[in-house]
**Student:** 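Pasting a structure below so you can have a look.
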There are 2 protein chains.
Amino acid sequence: MKIVIVGGVAGGMSAATRLRRLNEDAEIIVLERGPYVSFANCGLPYYIGGVIKDRSKLLVQTAEKLYDRFRLDVRTESEALKIDRQLQKVTINHQGYLYDERYDKLILSTGAKPMVPPMKGSREADNLYTLRDVPDAERIVRMIEKNRPERAAIIGAGFIGLEMAENLYRRGLKVTVIERAGQVLPPLDIEMAAAVEQELISRDIQVLKGKTVTEFENHGATVIMDDGIKLEADLTILSVGVQPESSLADDAGLELGMRHAIIVNDQLQTSDPNIYAIGDAISIRHFVSGAAAVIPLASPANRQGRMVADILSGMERHYAGTLGTSIVRVFDQAAAVTGLNEKQLRSSGITYETVHTSPYDHATYYPGSKSMQLKLLFESQTGQLLGAQAVGAQGVDKTIDVLSTAIKAKMTVHDLTELELAYAPPFNSAKSPVNLLGYASQNVLEHEVDSIQWSEVDKETHEGSLLIDVRTESEYDQGTIPGAINIPLDNLRERIDELPKHREIIVTCQVGLRGYLAARILSQKGYKVKNLDGGYKLYSTVFPATSKEGV
Amino acid sequence: MKIVIVGGVAGGMSAATRLRRLNEDAEIIVLERGPYVSFANCGLPYYIGGVIKDRSKLLVQTAEKLYDRFRLDVRTESEALKIDRQLQKVTINHQGYLYDERYDKLILSTGAKPMVPPMKGSREADNLYTLRDVPDAERIVRMIEKNRPERAAIIGAGFIGLEMAENLYRRGLKVTVIERAGQVLPPLDIEMAAAVEQELISRDIQVLKGKTVTEFENHGATVIMDDGIKLEADLTILSVGVQPESSLADDAGLELGMRHAIIVNDQLQTSDPNIYAIGDAISIRHFVSGAAAVIPLASPANRQGRMVADILSGMERHYAGTLGTSIVRVFDQAAAVTGLNEKQLRSSGITYETVHTSPYDHATYYPGSKSMQLKLLFESQTGQLLGAQAVGAQGVDKTIDVLSTAIKAKMTVHDLTELELAYAPPFNSAKSPVNLLGYASQNVLEHEVDSIQWSEVDKETHEGSLLIDVRTESEYDQGTIPGAINIPLDNLRERIDELPKHREIIVTCQVGLRGYLAARILSQKGYKVKNLDGGYKLYSTVFPATSKEGV
Ligand SMILES: Cc1cc2nc3c(=O)[nH]c(=O)nc-3n(C[C@H](O)[C@H](O)[C@H](O)COP(=O)(O)OP(=O)(O)OC[C@H]3O[C@@H](n4cnc5c(N)ncnc54)[C@H](O)[C@@H]3O)c2cc1C
Ligand SMILES: Cc1cc2nc3c(=O)[nH]c(=O)nc-3n(C[C@H](O)[C@H](O)[C@H](O)COP(=O)(O)OP(=O)(O)OC[C@H]3O[C@@H](n4cnc5c(N)ncnc54)[C@H](O)[C@@H]3O)c2cc1C
Ligand SMILES: CC(C)(COP(=O)(O)OP(=O)(O)OC[C@H]1O[C@@H](n2cnc3c(N)ncnc32)[C@H](O)[C@@H]1OP(=O)(O)O)[C@@H](O)C(=O)NCCC(=O)NCCS
Ligand SMILES: CC(C)(COP(=O)(O)OP(=O)(O)OC[C@H]1O[C@@H](n2cnc3c(N)ncnc32)[C@H](O)[C@@H]1OP(=O)(O)O)[C@@H](O)C(=O)NCCC(=O)NCCS
């Protein structure tokens with residue numbers, strides 16, 4: 001068997017090594033356009049920031065080592081120009097020399113390239129960079145070392161954009177992040193991203209939201225936004241997302257889908273049965289919604305690489321879809337997401353409930369615990385898990401990994417209450433954050449409590465609901481939601497007669513726990529009551545200005 | 001409804017608070033024999049070690065606060081002496097004053113007490129302590145501050161024993177740990193516990209295994225073991241396990257099971273329909289084996305506490321069993337386990353396979369990654385997950401939590417290969433440790449590789465198998481398994497003809513990865529080959545002496 005693989009990094013090289021392990025005698029050729037294979041794209045921002053000091057660390061494998069260990073025929077600076085599907089051959093350009101290579105099976109793992117939206121003056125800009133591979137990173141490092149830029153603009157506040165913001169900050173630059181959406185980190189929902197934005201601001205990183213860069217002036221030195229605002233920048237990174245690199249497939253007449261991604265079936269096979277495709281270049285099913293999705297991440301790419309090798313070796317495998325589990329560290333905070341977010345759910349037609357909690361990563365009586373913000377989304381009738389998000393300094397990766405495993409297992413909120421996670425004081429609480437999230441969600445699912453979201457509370461109070469802040473007097477004095485009246489939880493039972501039975505009551509506290517306790521007391525006593533999910537902490541993260549005013 | 005709860009800590013108080021949330025008007029009485037309720041037993045060793053400085057931190061709740069918030073009638077220094085099941089009342093001793101309290105439903109959460117095996121001279125020993133509650137911890141602290149002991153003996157190397165070893169070391173004592181089993185941490189398998197033992201030894205903690213303390217002399221100053229060895233100790237902690245505190249239940253004629261634990265059905269109901277029992281005092285089903293088991297841990301106790309409240313409030317809940325997920329930190333290492341271990345599997349009759357891997361907690365190109373040792377146990381035919389263990393400095397809690405969730409979801413090794421865990425360089429690798437464990441296990445399950453365990457290799461080489469160490473020459477020179485011949489993996493294909501086809505070959509490397517690669521090459525070329533699972537690293541952890549000799 002002769003297998004040709006186009007693209008020699010995450011997906012492609014994972015396929016190649018696994019193919020060799022399963023087929024000692026197969027002919028395996030890997031074509032890579034660039035000078036390096038098997039490099040750690042994900043480490044590039046940290047290489048630029050100097051966290052990863054040695055460039056060689058980024059090169060997980062080299063063509064030579066891959067030959068020595070796996071007898072792989074790895075050809076760098078070899079671009080696949082054209083596929084002849086009839087004759088089953090690929091035309092290759094190696095430093096200007098063109099030749100053909102026949103294949104029995106072809107695997108495309110061509111990845112995705114940075115999106116470059118049309119912007120006036122971008123061609124003339126000499127300080128504008130995108131980041132995909134090692135040469136890109138080296139260009140940026142050289143520019144920094146040569147020109148000593150002082151002000152950087154990052155266009156796009158996604159994962160890569162924020163990693164670049166942190167790493168350029170580390171290099172001593174004054175950084176501004178410009179994002180078209182009304183929030184940083186669009187894969188998260190807005191209230192969860194708000195905490196990340198606060199972290200950026202606390203490091204003196206300027207965050208401009210709801211602004212689109214439309215133009216560059218002075219060879220890129222001036223960045224102009226759609227509202228006319230101008231920003232001076234010595235170095236600009238364009239990181240507004242990636243698009244599947246599918247022109248090779250397209251030219252060969254393979255079927256493309258959304259965002260021009262290559263369509264594959266659940267065996268990773270394209271519309272040509274001899275051609276398979278994996279990684280950032282393909283469109284897959286979203287594991288939760290079942291809808292087509294393009295999810296350019298390293299874990300799916302690597303796993304699809306291994307799976308396609310298995311399939312080509314005759315094993316029975318089916319790709320079940322991608323959850324989109326992802327994480328980013330932004331200074332001292334980590335932000336992570338898995339499954340569908342609320343924006344996606346709103347447009348999906350699935351009925352869902354939302355619960356926010358704010359647990360500590362480990363027992364508070366043991367030193368060093370930190371609180372995180374969690375969000376769970378689940379189906380309204382069944383409690384089936386749909387998605388989760390987490391932001392915090394510690395425990396975020398663990399929490400999201402457990403939740404992503406639970407989603408993959410098609411668990412419900414009931415199952416979360418019964419998970420048995422490892423507990424000793426340095427690592428967890430006896431009721432772990434995931435159990436607590438399950439408890440709070442079960443209460444919503446089983447109607448033990450009605451909750452109201454941060455985005456609804458102002459409207460409902462304006463429409464006549466009575467807002468009660470059940471925190472202590474001193475907490476209340478330091479700031480509350482406009483219009484809130486203070487009745488501390490521990491006094492609620494004595495003061496209950498002060499409350500009107502006919503009027504809807506909203507209770508709020510710091511994170512939602514005491515509000516829940518108050519709601520349970522009130523609802524059992526015949527009051528119409530809702531608990532503000534996530535409490536004042538979440539509300540004041542999204543609306544820092546209004547809430548600080550207090551009453 | 002009037003509910004009386006016996007035991008006011010993890011299980012009992014979790015039941016009480018949840019009961020109040022669900023039943024604002026119920027009468028809820030909590031009886032606690034000791035002076036405190038809701039205290040953090042799990043923090044006691046760290047309080048003794050001075051890590052938790054403030055004793056009040058251990059008191060998660062007090063009777064007063066529980067009244068203010070939950071209107072709970074919490075009675076400390078109130079021991080339940082006797083249950084009259086006919087009349088549904090409990091006789092209580094409050095500081096010598098005896099009275100009765102009627103109940104509609106009674107919940108027993110009486111916990112477990114330290115086991116004290118018969119040892120000659122233990123009664124006369126004035127430096128011998130067990131640790132269960134705050135007064136116990138205070139006694140030990142006072143003893144240390146008053147007597148300034150220099151040498152401590154810890155009898156029993158379980159979780160609490162090792163936490164005490166670390167914390168007494170922190171207090172400046174010279175510590176010896178004595179364990180009857182042939183390993184520390186009996187819930188782990190011996191080869192996994194070996195790494196923990198190394199950590200102890202590296203801190204100059206003396207570890208005596210396979211020794212039982214039978215006698216004390218000189219008021220405890222001399223500890224005598226079954227082999228006659230004597231040890232001088234100024235302070236001795238007895239931590240050889242706990243036993244269900246079930247005498248109250250026993251006296252009332254409730255059915256007891258293994259280790260005198262209270263038998264409950266899957267609704268946590270004892271043999272008396274008006275009496276429920278939870279926590280360390282009960283015997284439950286093991287989630288994996290289905291067999292009766294006594295698993296005294298805080299997470300199950302807390303979750304059972306909430307569940308029994310739900311059941312008494314009319315909700316449909318069933319306790320699905322306990323996995324025994326647990327973790328302990330021993331200096332810089334964490335050790336964790338979930339599900340069944342190999343010792344339990346051997347006596348269960350379940351056929352199983354074992355896989356050891358040694359991945360890094362996050363991408364090695366990003367600073368600070370550390371390797372851990374993982375072990376997975378799965379059913380031989382189906383690949384169903386049965387148990388997992390982990391030891392390492394970082395990522396142990398996350399890995400075990402994901403695996404415990406996967407076991408709870410009844411996943412197989414195939415499912416592990418498809419988990420989608422959050423990856424960015426500081427947090428994980430694109431192929432996460434759990435995915436890799438799934439890969440290696442899938443290869444065993446699907447017979448891509450035959451593996452052999454650390455405990456079998458010496459026997460098989462003695463019986464004539466050829467042992468090939470496929471690491472580099474310099475790795476080999478630093479130590480290998482007795483009898484191993486060196487053929488570096490990258491030269492194996494050229495030197496393959498040196499190997500005999502008729503003889504069984506065992507390949508070994510550092511952690512099992514290169515051995516696997518070698519085994520794939522050899523088996524496809526017609527050789528009979530097995531890979532040493534876990535490689536030299538695991539072997540030399542269990543047999544530090546033999547292996548250092550080299551060839
Ligand atoms: C800066 C950066 C940071 C990232 N951080 C993370 C992270 O933290 N977590 C995460 O999950 N993901 C991250 N990613 C995404 C991750 O790197 C990708 O999802 C993954 O590499 C996709 O694998 P792939 O094989 O599909 O494509 P790639 O790894 O991009 O490989 C595709 C290769 O194909 C080559 N190629 C394309 N066309 C041809 C052709 N015609 N002929 C020959 N060669 C061709 C390209 O040169 C390229 O090297 C990051 C990406 C970048 C750029
Ligand atoms: C030092 C130590 C460290 C630990 N570390 C961990 C850890 O890291 N992780 C973990 O998961 N678990 C740990 N545990 C175990 C954990 O604390 C228990 O599993 C948990 O507390 C069990 O809860 P329970 O409600 O069943 O019993 P307990 O919490 O022990 O509560 C039982 C209470 O009942 C009272 N009582 C008993 N009989 C009567 C009576 N007749 N009348 C009135 N009161 C009565 C007792 O005084 C006691 O306070 C540790 C335990 C100890 C002692
Ligand atoms: C590294 C790369 C070449 C793939 O190499 P690989 O050999 O498939 O991957 P690993 O080195 O992790 O080894 C995994 C294999 O070792 C096996 N293995 C791992 N530990 C083992 C152990 N202790 N015992 C036995 N087998 C083990 C696994 O089972 C797996 O083999 P399998 O797929 O045949 O089951 C490819 O992933 C790559 O190019 N990565 C860099 C680029 C990248 O990922 N970029 C995006 C993220 S930055
Ligand atoms: C603390 C203790 C009294 C139990 O109190 P508790 O009120 O049940 O537990 P918590 O304070 O964690 O609160 C959990 C409740 O708050 C709810 N909650 C938590 N965060 C919430 C939020 N943000 N919004 C809404 N509800 C929230 C949960 O749903 C749960 O309520 P439910 O059980 O009715 O669903 C008891 O566990 C105890 O005594 N612990 C100390 C002893 C111990 O555990 N020892 C062993 C380990 S050291």
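Lettering of chains follows the sequences in order, A, B, ..., and the numbering in each one begins at 1. Side chains are part of it too, since the values below use all heavy atoms of this structure and drop only hydrogens, waters and symmetry mates.
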**Student:** Below 4.5 Å, heavy atoms only, C-beta onward: do B/M411 and A/T405 meet side chain to side chain?
**Tutor:** yes
**Student:** B/Y423 versus chain A, heavy atoms under 4.5 Å apart: side chain, backbone, both or neither?
**Tutor:**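 Looking at B/Y423, backbone and side chain both touch chain A.
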**Student:** With a 4.5 Å cut-off on heavy-atom pairs, point out which of A/T322, A/L492, A/T399 contacts chain B the most.
**Tutor:**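 Option with the greatest count: A/T322.
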**Student:** Given a strict heavy-atom distance threshold of 4.5 Å, which part of B/P300 is in contact with chain A: side chain, backbone, both, or neither?
**Tutor:** side chain
**Student:** Does any heavy atom of chain A fall under 4.5 Å from the side chain of B/R20, the backbone, both, or neither of them?
**Tutor:** both
**Student:** Is B/K525 close to chain A through its backbone or its side chain, or both, or neither, when contacts mean heavy atoms under 4.5 Å?
**Tutor:** side chain
**Student:** Looking only at heavy atoms and a cut-off of under 4.5 Å, which of A/S14, A/S429, A/A422, A/G395 has the most pairs with chain B?
**Tutor:**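 Highest number of pairs under 4.5 Å: A/A422.
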**Student:** Name the option with the most non-hydrogen atom pairs under 4.5 Å to chain A; the candidates are B/D68, B/L403, B/T338, B/L58.
**Tutor:**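 Going by pairs under 4.5 Å, I would pick B/D68.
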**Student:** Could you check A/S299 against B/K431 for side chain to side chain contact (heavy atoms under 4.5 Å, CB included), going step by step and ending with a plain yes or no?
**Tutor:** CA-CA 6 Å; A/S299 166; B/K431 292 174 180 160; over 6 Å; no
**Student:** Taking the side chain as everything from C-beta on, heavy atoms only, tell me whether A/R21 gets closer than 4.5 Å to B/Y516.
**Tutor:** yes
**Student:** Below 4.5 Å from any heavy atom of chain A, which atoms of B/L489 appear? Answer side chain, backbone, both or neither.
**Tutor:**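 For B/L489, side-chain heavy atoms alone lie under 4.5 Å from chain A.
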**Student:** Is it the case that the side chain of B/R69 and the backbone of A/L517 share a donor-acceptor pair, with hydrogens and angles ignored and the cut-off at 3.5 Å?
**Tutor:**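 Judged by distance alone, no pair lies under 3.5 Å.
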**Student:** Which bit of B/D401 is near chain A, if near means a heavy-atom gap under 4.5 Å: side chain, backbone, both or neither?
**Tutor:**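 It is both, since atoms from each part get that close.
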**Student:** Name the option with the most non-hydrogen atom pairs under 4.5 Å to chain A; the candidates are B/K408, B/R329, B/H414.
**Tutor:**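 Highest number of heavy-atom pairs under 4.5 Å: B/R329.
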**Student:** Which bit of B/E24 is near chain A, if near means a heavy-atom gap under 4.5 Å: side chain, backbone, both or neither?
**Tutor:** both
**Student:** Looking at B/Y439, does the NZ or CZ of A/R306 lie under 6.0 angstrom from its six-membered ring centre and within 45 degrees of the ring axis?
**Tutor:**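 Cation-pi check for A/R306 and B/Y439: passes.
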**Student:** Mind ranking A/V402, A/L59, A/N491 by heavy-atom pairs under 4.5 Å with chain B and telling me who comes out on top?
**Tutor:**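 Answer, by heavy-atom pair count under 4.5 Å with chain B: A/V402.
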**Student:** Heavy atoms only: give me the nearest A/E420-B/L323 pair and the separation to one decimal.
**Tutor:** OE1-N, 2.6 Å
**Student:** Does A/H318 have any side chain to side chain contact (heavy atoms under 4.5 Å, CB included) partners at least two apart in sequence or in another chain, and if so, which?
**Tutor:** A/D266, A/Q267, A/E316
**Student:** Determine whether B/S404 and A/L419 satisfy the following criterion, side chain to side chain contact (heavy atoms under 4.5 Å, CB included), listing intermediate values before the conclusion.
**Tutor:** CA-CA 8 Å; B/S404 109; A/L419 289 185; 5.9 Å; no
**Student:** A/N428, A/I407, A/V51, A/L22: which one forms the most heavy-atom pairs within less than 4.5 Å of chain B?
**Tutor:** A/L22
**Student:** Go through A/Y47, A/F70, A/Y319, A/F159 and name the one with the most non-hydrogen pairs under 4.5 angstrom from chain B.
**Tutor:** A/F70
**Student:** Below 4.5 Å, heavy-atom pairs only: which of A/A430, A/G324, A/S326 has the largest tally toward chain B?
**Tutor:** A/A430
**Student:** What part of A/Q442 is in contact with chain B, defined as an atom under 4.5 angstrom from a non-hydrogen atom: side chain, backbone, both or neither?
**Tutor:** side chain
**Student:** Using side chain to side chain contact (heavy atoms under 4.5 Å, CB included), reason through A/M307 and B/E418 one step at a time and then give a plain yes or no.
**Tutor:** CA-CA 10 Å; A/M307 185 177 275; B/E418 283 301 293; 3.5 Å; yes
**Student:** What I'd like to find out is whether the side chain of B/K398 reaches to under 4.5 Å of the side chain of A/F427, using heavy atoms alone.
**Tutor:** no
**Student:** Are any non-hydrogen side-chain atoms of A/P367 and B/I52 less than 4.5 angstrom apart?
**Tutor:**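 A side-chain contact under 4.5 Å exists here.
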**Student:** Could you list the residues that satisfy side-chain hydrogen bond (donor to acceptor under 3.5 Å, both in side chains) with B/R520, not counting sequence neighbours?
**Tutor:**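 Partners of B/R520 under the side-chain hydrogen bond (donor to acceptor under 3.5 Å, both in side chains) test: B/E448.
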**Student:** Using the side chain to side chain contact (heavy atoms under 4.5 Å, CB included) rule, take A/C42 and B/Y365 through it: C-alpha gap first, then chi angles, then the decisive distance, then the call.
**Tutor:** CA-CA 10 Å; A/C42 318; B/Y365 61 79; 3.6 Å; yes
**Student:** Considering only heavy atoms, which portion of B/T417 lies under 4.5 Å from any heavy atom of chain A: side chain, backbone, both, or neither?
**Tutor:** both
